[in-house]
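Residue numbers begin at 1 in each chain, while the letters A, B, ... track the order of the sequences.
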Number of protein chains: 2
Amino acid sequence: MNIGQAAKASGVSGKMIRYYEDVGLIPRISRTDSGYRDFSEKDVHILRFISRARSLGFSVEQMYSLLALWQDRHRASSDVKAVAQAHIDELDSKIKKLQDMRETLLHLVNHCHGDHRPDCPILGDLAAEGQELEEQRGGKSLGDFSDKP
Amino acid sequence: MNIGQAAKASGVSGKMIRYYEDVGLIPRISRTDSGYRDFSEKDVHILRFISRARSLGFSVEQMYSLLALWQDRHRASSDVKAVAQAHIDELDSKIKKLQDMRETLLHLVNHCHGDHRPDCPILGDLAAEGQELEEQRGGKSLGDFSDKP
DNA sequence: CTTGACCTTCCAACAATGGGAAGCTTTACG
DNA sequence: CGTAAAGCTTCCCATTGTTGGAAGGTCAAG
């Protein structure tokens, strides 16, 4: 099976297959006499595993562990669970960060009348001086950059 | 004010200040005779704006629009609102994607006994054949890669 | 035997950030 | 004043995962 077929069968693009081979995530694929990659069912099986794990957000780095565990018939499921749990924790913190942003932004958007006038609490908030850093109050003009021109 | 002080005052690292200047997000900072950057209050004000917007997850690309709107005293707040709303939509889709991953993964983790035995539904699921792609059932052995060795 | 679709490798780019080298300037201290 | 430390400059490299393209070899169909 050549790389195009393997890509279609696994859901991993040809480019990425070459990349994974390059960084050693998958073993070197055997070649035909002319140098074309020749994928076995097992190769495709591995690629499908990678495709699914990547779609769950596992990093390539984590894939090394996951693949090693998968291939280790003496693994402890607790090790697998630990990798997965660590990833869930990462996801949780990313989600929380995005939700915090979203909440702040939504609050601002809800207070912006959103019409033809230039007044806007969104810019006002972003431009607010002395919020969490050195304050520099005292009224020097800031040219076109004041939040309420 | 030199770059170190500007960085401290704005919350943007010196590295990133140079980068923003380089890509034209901020105007070229004036220099002293010896070539050191010499930041005005206005420069720092811009940097603080950027710092806040970046912390809300706006991309550098979006910053161009946001800064342009900020500087345009004839802007319509609806334009600002549109940029912010578009960003909220992006955040929503990212959050949803991460939550979907999290849910799937949590389900798997909750079904993994997580002990010394190798059996693991997490690997089992990732290794499952013919789930959303070409199926290739029929029982060829896949060596060490079967989900239940 | 030509054409087009495929494959190969290598190189570059993206976004945003950090690290570091080589070299110059400013500051602080004795 | 002299020297050393700290801070600045530019330039290049690495990161993560993925895509795009160029130059060239190969395969299958007509």
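Put simply, the side chain of B:Val12 does not reach to within 4.5 Å of the side chain of B:Tyr19, judged on heavy atoms. Counting heavy atoms from C-beta outward, B:Ile50 and B:Phe58 have side chains that stay 4.5 Å or more apart. Within the 4.5 Å cutoff, no side-chain heavy atoms of B:Leu105 are placed close to those of A:Gln85.
Only B:Ser34, B:Tyr36, listed by number, bring a heavy atom of residues 22-37 of chain B to less than 4.0 angstrom from any atom of DNA chain C.
Annotation for B:Phe39 and B:Val44: closest pair CB-CG2, 4.3 Å, computed over non-hydrogen atoms.
In this view, B:Ser78 satisfies the side chain to side chain donor-acceptor pair (under 3.5 Å) rule with no residue, not counting sequence neighbours. Shown here are the ring-ring contact (aromatic ring centres under 6.0 Å, His included) partners of A:His107, two or more places apart in sequence or in another chain: A:His111. A:Lys96 pairs by the side chain to side chain donor-acceptor pair (under 3.5 Å) definition with A:Asp100, not counting sequence neighbours.
Put simply, CG on A:Leu66 and CD1 on B:Ile122 are 8.5 Å apart, with the number rounded to the nearest 0.5 Å. To the nearest 0.5 Å, atom CG of residue B:Leu56 and atom CG of residue A:Leu126 are 6.0 Å apart. Taking CD of A:Gln99 as the reference point, atom CG of B:Leu91 lies at 10.0 Å (rounded to 0.5 Å).
For DNA chain D, the outermost nucleotides in 5' to 3' order that have an atom under 4.0 Å from a heavy atom of chain A are D:dG17 to D:dC27.
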Heavy-atom contacts, protein to nucleotides 12-20 of chain C, under 4.0 Å, summarised as B (base), S (sugar-phosphate only) or - (none) per nt, yield ----BBSBB
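Put simply, CD1 on A:Ile17 is 13 Å from P on C:dT9, counting in whole angstrom units.
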